[in-house]
6 protein chains.
Amino acid sequence: MTATQDSTVLSSLYQRSVADYWNTEQNPVNLRLGEVDGIYHHHYGIGEVDWTVLDGPAETRDERVIKELHRLESAQTDFLMSRLGPLEPHHRVMDAGSGRGGSSIVANLRFGCHVDGVSISESQVAFANEQARKRGVADKVRFHFRNMLDTGFESGTFQAIWNNESTMYVELSLLFAEHARLLSRGGRYVCITGCYNDAYGLPSRAISQINAHYICDIHPRSTYFKEMAANRLVPISVVDLTPATIPYWELRARTALATGIEQPFLDAYKNGSFQYLLIAADRA
Amino acid sequence: MTATQDSTVLSSLYQRSVADYWNTEQNPVNLRLGEVDGIYHHHYGIGEVDWTVLDGPAETRDERVIKELHRLESAQTDFLMSRLGPLEPHHRVMDAGSGRGGSSIVANLRFGCHVDGVSISESQVAFANEQARKRGVADKVRFHFRNMLDTGFESGTFQAIWNNESTMYVELSLLFAEHARLLSRGGRYVCITGCYNDAYGLPSRAISQINAHYICDIHPRSTYFKEMAANRLVPISVVDLTPATIPYWELRARTALATGIEQPFLDAYKNGSFQYLLIAADRA
Amino acid sequence: MTATQDSTVLSSLYQRSVADYWNTEQNPVNLRLGEVDGIYHHHYGIGEVDWTVLDGPAETRDERVIKELHRLESAQTDFLMSRLGPLEPHHRVMDAGSGRGGSSIVANLRFGCHVDGVSISESQVAFANEQARKRGVADKVRFHFRNMLDTGFESGTFQAIWNNESTMYVELSLLFAEHARLLSRGGRYVCITGCYNDAYGLPSRAISQINAHYICDIHPRSTYFKEMAANRLVPISVVDLTPATIPYWELRARTALATGIEQPFLDAYKNGSFQYLLIAADRA
Amino acid sequence: MTATQDSTVLSSLYQRSVADYWNTEQNPVNLRLGEVDGIYHHHYGIGEVDWTVLDGPAETRDERVIKELHRLESAQTDFLMSRLGPLEPHHRVMDAGSGRGGSSIVANLRFGCHVDGVSISESQVAFANEQARKRGVADKVRFHFRNMLDTGFESGTFQAIWNNESTMYVELSLLFAEHARLLSRGGRYVCITGCYNDAYGLPSRAISQINAHYICDIHPRSTYFKEMAANRLVPISVVDLTPATIPYWELRARTALATGIEQPFLDAYKNGSFQYLLIAADRA
Amino acid sequence: MTATQDSTVLSSLYQRSVADYWNTEQNPVNLRLGEVDGIYHHHYGIGEVDWTVLDGPAETRDERVIKELHRLESAQTDFLMSRLGPLEPHHRVMDAGSGRGGSSIVANLRFGCHVDGVSISESQVAFANEQARKRGVADKVRFHFRNMLDTGFESGTFQAIWNNESTMYVELSLLFAEHARLLSRGGRYVCITGCYNDAYGLPSRAISQINAHYICDIHPRSTYFKEMAANRLVPISVVDLTPATIPYWELRARTALATGIEQPFLDAYKNGSFQYLLIAADRA
Amino acid sequence: MTATQDSTVLSSLYQRSVADYWNTEQNPVNLRLGEVDGIYHHHYGIGEVDWTVLDGPAETRDERVIKELHRLESAQTDFLMSRLGPLEPHHRVMDAGSGRGGSSIVANLRFGCHVDGVSISESQVAFANEQARKRGVADKVRFHFRNMLDTGFESGTFQAIWNNESTMYVELSLLFAEHARLLSRGGRYVCITGCYNDAYGLPSRAISQINAHYICDIHPRSTYFKEMAANRLVPISVVDLTPATIPYWELRARTALATGIEQPFLDAYKNGSFQYLLIAADRA
């Protein structure tokens, strides 16, 4: 990649700083969970925790915890996948903010469909393509060093698009305009995201701490619906996953993999200022 | 009521025609179901049907069917109630389009709260107030001959408002503006409604047949979200109840209570043009 | 045409159902009127009725009535044509929703200009092209199996565009955006349409019956002006043709050609809920 | 009137300058035409001119011309009145920018209804009230020194409101918001106005000369429709009166009453940059 | 104050948390600077620093630094005051987010005008009123425990309103709607604020750290102009004070008064993600 | 140029009239000032006047005045240039409404950058290109006969764009949409313009006289900010240059170069209805 390509993909200094963060990120909580079964998610988990993983021999405790955390983040991805609609192998879908590629691989495994993942982190794109190659699905699962706000794909290309915890890095007005352009009529959009709760008010301190940690910008819940309404994306399913994700954070906080951001997450979820949401919408 | 009051409540010829319809409506499917336990809903049901009610002695078949349909419509109302948030006895809530009063009575039973129901059908208001009197809750449950678009209540009065199958009689832009005014910050709005599916396109024939039957105007799903976005109502839960309501219609179609509108409902639900939706939103 | 082409033109299930309707439609009221002089309109008429056509020999009554109805629908088209502005033979104009092609033929006869008609009914397109061929104007009058919301013509191509009773099959926001794109600056747009009267309120029962009959979606009058305002189409002439079209329906209701939809039309026009409107606007 | 009242009615320096203009205006073309029959219009005329008034004895030429011009301006007002809908004596109507009161008097004569005229020119208000007194209709026709953008009347007061050549002194967004508030649902709004033609482009020189002459701001035609759309005013009739008003200006240009602004009007009308329009709309 | 009053002023949990912060805040950098001359600002400074204050006897270094910092924050307030327009003693002005009252006192000293300060911190309101009493200006300078989004003052009350570093605690759409209501036509609005730079992108890490520190929500620069445009507030002066405020932070960072937030401010200003802005606008 | 090209560039009769005006304009105030140093601006000046130029020998008075006026208009252009940001020789910039080319030449001299000027006056384009050729910069400074609303340049081409007194000939909504498209993210837009003051009200008589003089349409100040907000142009600097330009007009009014429009300018600036503004904004 040349410098020119780079500046085309990264259209602002902010995006440059986010790319730098993810190009160098090597958190065990992301890497070691992926190593469990070769599906690298970088997502948060949902569902009941098996607390017994904390018991038993100390020397294998980490391993048990890692497996459990991975089970929970895999459950999250499965939940997202279950809302993508009846996809067929001939369909094309897009993973917007594809990270190390886990969701894309899962989608291909589940539906057999063509997947295009896009990320502004070149090292993540390389990592993910290597995963696809190893699994022998590189012909159907491809990762691209592209900006999800300006992908260059043709209009109406995709039957489904998702953002799994990646909407907080972009302006939703630009994102949903691009998604609406890329989806075919009747296509499905799904995101899972943390958002701040307008009914609580402006962001609590804990939310700003999370923003500072990840260099992201957690949006108000209202903005998701306002920008969907402005871009012909019509919700069909909204699920508040906050109660389902709290156990994941409580487990993670008690493990060696904790990165320090666990308490702000728990504070924010519990005081009502922060919510973990799935939104599924149709392209009208 | 004087003619002047009347023209204040009914601000258009259309509303006059709707009021006339409901002032004279005496469908057994509405009245006989209410007689089961004195809760008059006029709603559609959700949940699995106990098909055995069709078996057994012919002379009590109607009675069994009525009980079953009532059980299903009660389940629908309970589902709506479960999304109203943690209401306390000191809270005030509003039932917008309160019909014969069933939902209002249920809300009071469940939460002990104050309920104001509004309807443009004077005879329904009278019927519902009589029900409240009989049950001894007339001090907390009151029905008003008022227009839900212009209720006259003070701003911020209510902790929760719902429309149970009554949004298709009004313009949503006016309705949600009034609701946003009436709700306190952080208050909850819930509606259950049939809407047409923008992903399918414009209304199918069956939808227009339903409109003709009830003199109503089934809105596109997108309009709900567009007008909520414009009026500080932020969705927190959206559930597609279409699969859950189809059994109700299939049962009803096979009974003596059928009004003739059953087939258009089933056609519209099954061809994907029509959806039965719950939307819960917070007042930001 | 291949299936692929088909799904490109028909972008939703709704459009598929409308195309099916018109592909198989063979109403005598449409075909026999066209046979009078080979101009197939499928429009409603305006102007005073010559009621004497009902008198005279029974065996030629149908013929007289057909001629009279055709005279009235031709008057409607002529009225539309008179608002298209000073067109020259070198101009290109578009007939959006061209049906069996009558208006396009008339425009070419009147102005000598190039006409492109578009329709999502393949059989109508074929029928209309055959008419143009028979009349020897196939070089200047062409009918296309295309979607009027996405025609594929170049920006600024047309000096005038009209919809003669075809706007109720599409979303006006999409339609007028496309028209604004296709018209040259200063170009003229004209439509004749039935719309529901916002001053009356939401659609009356009769309007929903008409919608059910034609699988269409009669829009509120306000939406025409709102969407024109949003798309640089500025009205220069608005004429309420309701009084002028009622006689046509009264005559038609008394003939063998009546399709059953006559009474809802008459009811809706007479109770004030429905209006027959010409709108002419300039592309600013 | 105290200074405080004055500053309440005149909310900007611009309005102060307009009020000054009209408080001191004494153009013969306005006063002498009114003297013909005691109806003081200050409007422009429409219809065919009787050019023979220029012939005949020189000493009575002015008198003949004045009568003819007054006949034409009266025809303009009658045309506006004919679009106000079926008004009854119990109705209240508002004349926004009532000038010396002519239109208000005519409306009362025609419909017997209550009329409130508003003007920011105190001397015009006094003049007009004196006319009403002389005619013995002061109980039903009242003129107020008020700002039409903020009249202080109650919501829903009026069945009809009109602006006869007075919209070019105010922002339409504010004007139509106030009108929408004042009209009852289903009420009628009518204006006759000069507007510039967006299809021509921005204002021609002649239009700016007219603005300079009257200290007014001729709006683009598009703004009328945009602001009506934003304020629930739905057009039902739009008539381009340009051809009908040109003869009036041609006559006036040839008389001793010419004020010097005749040529810009004729230039602007004839080069297509300016249009004289009637718009009638319903309050939805 | 009763609990009821309290919940009226504080309409969300977020506002409650902000009030708690300021009710208990006792930072020396705020209190000791105010003690210099009895004007308590809590603002950031602008202008060149006299770096010699760091030299000289160590025991009086703090005193010299405090005086210098206070001189700089006073210069900031003076700059804001200089944009308020030609205020007269009879005018009323509002200090939105009045803190310990410094700006209000300065405005009264400078213009002799009536000042109403509003704050959601009761202890700040009490402190500020005590300052006004001590200075003998309590008849003209009053502080109120009110929410700046819903002040309860009459429309058109104020000739000028300002926010000095207080806009980041509220939604600008609500704030400017209230300001537009409160200002008289032609009145002046001024704010000085930190905002994030949309040209850089979304908020940098340093900005989120500042948000976390103060429990505030630094808005994008674009939102100021978007919401002013939506609320008839028209900019007349915009000054980028970033270069002028950096020296203040560099001095503060080297003193005992540093609170720890200095480095994020300097980082954010210097990487281009953050800007310190004055905006003056007229109420149109 | 063919007629076809011509009608592509000039999309309306209004633009045709403006092009005609400038194609034939030969005012000494424009030509003789340019002759001073070969930089032809056609702009108004800012800064203090050296009134001694009116003294001294009468035969060289004109020469002295011309030099002084040119010095002032050059100061205006320099002020605009100083807000264009840190431009480099490899950058491309656009001069929208480039007239006889002065600003473009100055920008190239100052920054060494590539400049594209666009104008709808063919004779001005020819004149300007000739200037660039004479100065040997025709390889970097090019003038095009194009419409600034539809330039045909690629998206993201320019690092900076300016309008120096040329925005009053176009609709700002169209202009800023095109500018936003042409600028790269983070690019800079600057305009200097006369605008009318919304706080004063609608245009004063003097403003309409200026419009009539130049066949232009002076916009309200508010429209600049509204349309920037709608097109991702975010103000960073707004300067009211009214006091700085008045001396220029006072000098010009007293010279032989006066065109007659001087008094309306002075009237409008002094009564507060008109303002001379610089706005600099970033493309977000």
Of all the heavy-atom pairs spanning D/Pro86 and D/His91, show the shortest one and how long it is.
->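 Of all heavy-atom pairs spanning D/Pro86 and D/His91, the closest is O-CE1, 4.0 Å.
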Would you call the rings of D/Tyr276 and D/Tyr44 parallel, tilted or perpendicular, where under 30° means parallel and over 60° means perpendicular?
->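 Ring orientation, 0 to 90° scale: tilted.
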Evaluate the ring planes of D/Phe176 and D/Tyr224, with Trp represented by its six-membered ring, and classify them as parallel (under 30°), tilted (30 to 60°) or perpendicular (over 60°).
->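 The arrangement is tilted - the two ring planes meet at 30° to 60°.
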Heavy-atom pair count under 4.5 Å with chain D, highest-scoring of C/Gly186, C/Ser237, C/Pro235 =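 Highest number of pairs under 4.5 Å: C/Pro235.
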What part of [X] is in contact with chain D, defined as an atom under 4.5 angstrom from a non-hydrogen atom: side chain, backbone, both or neither?
X: C/Gln275; answer: side chain
X: C/Arg185; answer: side chain
X: C/Leu277; answer: side chain

Going by heavy atoms in the side chains, are C/Arg221 and D/Asp282 under 4.5 Å from each other?
->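 Yes, at least one pair of side-chain atoms sits under 4.5 Å.
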Quick one: does C/Pro264's side chain get under 4.5 Å of C/His213's, heavy atoms only?
->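 The answer is no, as the side chains (C-beta and beyond) never meet within the 4.5 Å cut-off.
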Residue selection (most heavy-atom pairs with chain C, distance under 4.5 Å) from D/Ile236, D/Ile279, D/Leu278, D/Asn197 |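 Sorted descending by pairs with chain C, the first entry is D/Ile236.
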Top residue by heavy-atom pair count (under 4.5 Å) with chain C, among D/Val239, D/Val234, D/Leu233?
->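 Greatest number of close heavy-atom pairs with chain C: D/Val234.
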